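Counting convention: from 1, in listed order, for ligands and their atoms alike. A quick note: this is a predicted structure, and the numbers were derived from the prediction, not measured. By convention here, the first residue in the shown sequence is residue 1.
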Amino acid sequence: MIFGRRQLRNVAAALALATQGPAAGAAPQAPAISLVPAPAHLSMLAGDFTVDTSTPLVADRGDPGAGRVTAYFAALLRRTSGLTLTRRVQGDHAIMFRRLRDPAATGREGYRIAVTADGVTVSASQTAGLFYGAVTLWQILTSSKGAAPRVTVPALRIDDGPRFGWRGLLLDSVRHFQSVAFIKSFVDAMAREKLNVLQWHLTDDQGWRLEIKKYARLTRVGAWRVPAGGQSDIDPATHRPRLYGGFYTQVQVRDIVAYAAARNVTIVPEIEMPGHAMAAIVAYPRLGSVTQPPSAVSSDWGVFPYLYNVDDRTFGFLEDVLTETMALFPSAYIHVGGDEAVKDQWKASPRIQARMRALGIADEDGLQSWFVRRIGKFLAAHGRRLIGWDEILQGGIAPHAAITSWRGIDGAVAAAKAGHDAVLSPAPVLYFDNRQAEGPDEPSGRGKIVTLGDVYGFDPAPASLSDDARKHIIGVQANIWTEHIREQANAAYAAFPRAAALAELGWSPAAGHDPAGFMARMPAEIARYDAFGLPHGALTPNPEAPAPRTRDSHALKPCSDAIVLSVEGPVPAAGQRPVFLHDIMNPCWVFERADLTSISRITVSAGRLPFNFQIGADAQKIALRPPATPNGEFEVRLDDCNGARIADIPMPAPGPDEALVSASGAIAAQSGVHDLCLLFTRPALDPYWALHSVRLVPGQ
Ligand code: ACM
């Protein structure tokens, strides 16, 4: 639903009117009502209405959808404001949930709210709209700080509906596994921001997480792996590595899907093919393209070369898997991945080359296109639509397929021009595994910083698209990949509050785009997160200024930015896992503006990390530096990495449970302020030293 400029001026004016408190010279004012995402049309009116425990909640008894929404609303309010309301058949000065007779009046997800001195009415044509009306009314009632059993709200009128139909988050439950309770809490948090699609990443190289009855080995074998850095995850009882993994049973999946549906969240399962298929190939080697299949599910990150083969029997397997998947997930779309399928194994396999020639297909991109078309036909025959990452455009896109554009938005532009639907999910701005702020308190993730403001600044209606093509942009999605997000709480932290900015891009009209207004509405949203115990990043991150002489890796600058990650190290005997920020292609750090006057020593704390990254031939680009002592040395160079070596400190070997080791040594006397280049010698790719912190020590 696109709203005209005129209506939007009304919203801006209404939000300005809704601002409370003294004006001139005061701190930025919080609006009287803080709605996220902003509604399409809001008018503030004269008068107000007070809600307290005597306010009746009224919904038509003959309308089960309205009944469920009323109960959901009451639960939200009870949780966050201490107000307990009771449902009644009728009553004066009530909050009423009312279905409109015209089933199309507000669209599927739209709704209206009227607050007058006589009460509140939420109305909508469809249950989804009533649900969003309930969420907005709850936000209206929780716009100011503190829980009160009595809330006065200004009279107003809202007429609202979404800009896009697909407002999504992707959660990667493969690289690290989350509990059923966490997935439900994540869905709840999405629903409170009117996000309506959870793309659930369930299969990949590092695990298969969906129970498939016909192929038990997918989860019996494919769901388990030896964790990275095996030495520290040894079970002291058995002296064997503890296996890491898990999967979702079909009973659990049905429960999660129903839970999400009740919150207007559609779960779109992602079953990856033809690449990101290693866990399945470990479980069933006959599915693979090489005669030497992988022997174990790996805990390396990156892109593996293992692809499914193109035998009819393999399609039989995939169709069986998709049949069970479709029985669990009623979504119109089924996501089949299609990304990062490096074709080396297809090129090297005489059997696959022979099949390609027999099919009259010119190259491996064409073969992938044929593969995806064949799966697309199967899904279409079962009333579903295929969606895949933008690589499915290569070699020709399957009829009626939609794409998720992640390598920028070029894929979406190409798909839309060809008449195909596209979801915008470009890296890095909508890759929420990127850090959202600097500072040692940020959990692990990709090293690039994508702030809340960066997300809010993303334009989902690029000028490069004609009006016709723009109609094929069906929405926006942000992805939470979990290679470097081991703890489920950190997956929520990565998602919020940036998901609020995404929600506003996906829901609110473009002409109402208002970065300052959004930020002014966010403190109330953060308070709602806190009321639910939802982990989240800070609104205005204030990284602790590094002590001038002691700096954590997050307060240093990577020397380069090829693949900057903030990765967790091994488990220490006690305490938290240390986190290390560095460019894995070049573990080297700049200590900026070090005052070296009277500094005589330097102490380094470092971890020896496994090089568990599948980066193909790029690994050869990593410079090794021959060490002079058994465990290598830590070096400090003056001004830049080619400068004079002013410290050269042999590293000790880490003990069995030591996540960090320290070393200390002399630093050649200098005066004044200099940048320092910090690096380690390295005999081989794996393992390697990553700096955790350094300390400049004064002395004689
Ligand atoms: C992706 O990030 N490989 C879709």
Residue pair Trp301 / Asn612, side-chain heavy-atom distance below 4.5 Å
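Heavy-atom side-chain distance check passes, below 4.5 Å.
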Taking the side chain as everything from C-beta on, heavy atoms only, tell me whether Ser289 gets closer than 4.5 Å to Tyr308.
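No. Closest side-chain heavy atoms not under 4.5 Å.
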Looking only at protein heavy atoms, which one is nearest to atom 2 (O) of ligand 1, and what is the separation?
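Going by distance alone, atom 2 (O) of ligand 1 is nearest to Tyr431 OH, 2.6 Å.
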Identity and separation of the nearest protein heavy atom to atom 3 (N) of ligand 1
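The protein heavy atom lying closest is Asp339 OD2, 2.6 Å.
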Output the list of atoms in ligand 1 that are nearer than 4.0 Å to some heavy atom of Trp481, sorted by atom number.
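So the answer, numbered in order with elements, is 1 (C), 2 (O), 4 (C).
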Verify whether one side chain among Tyr244 and Arg225 offers a donor that lies under 3.5 Å from an acceptor in the other.
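There is no such pair (donor and acceptor under 3.5 Å, judged by atom type) between the side chains of Tyr244 and Arg225.
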Does Arg263 make a cation-pi contact with Tyr259 (under 6.0 Å, within 45 degrees of the axis)?
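Judged by the rule (NZ or CZ under 6.0 Å from the ring centre, within 45° of its axis), Arg263 counts as positioned above Tyr259.
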Please determine if Trp406 has a nitrogen or oxygen closer than 3.5 Å to a nitrogen or oxygen of ligand 1.
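No; every N/O pair is 3.5 Å or more apart.
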Judging by distance only, is a nitrogen or oxygen of Glu340 under 3.5 angstrom from one on ligand 1?
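The answer is yes, given that Glu340 and ligand 1 share an N or O pair closer than 3.5 Å.
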Taking only residues two or more places apart in sequence or in another chain, which ones pass side chain to side chain donor-acceptor pair (under 3.5 Å) with Ser560?
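Side chain to side chain donor-acceptor pair (under 3.5 Å) list for Ser560, sorted by chain: Asp583, Asn586.
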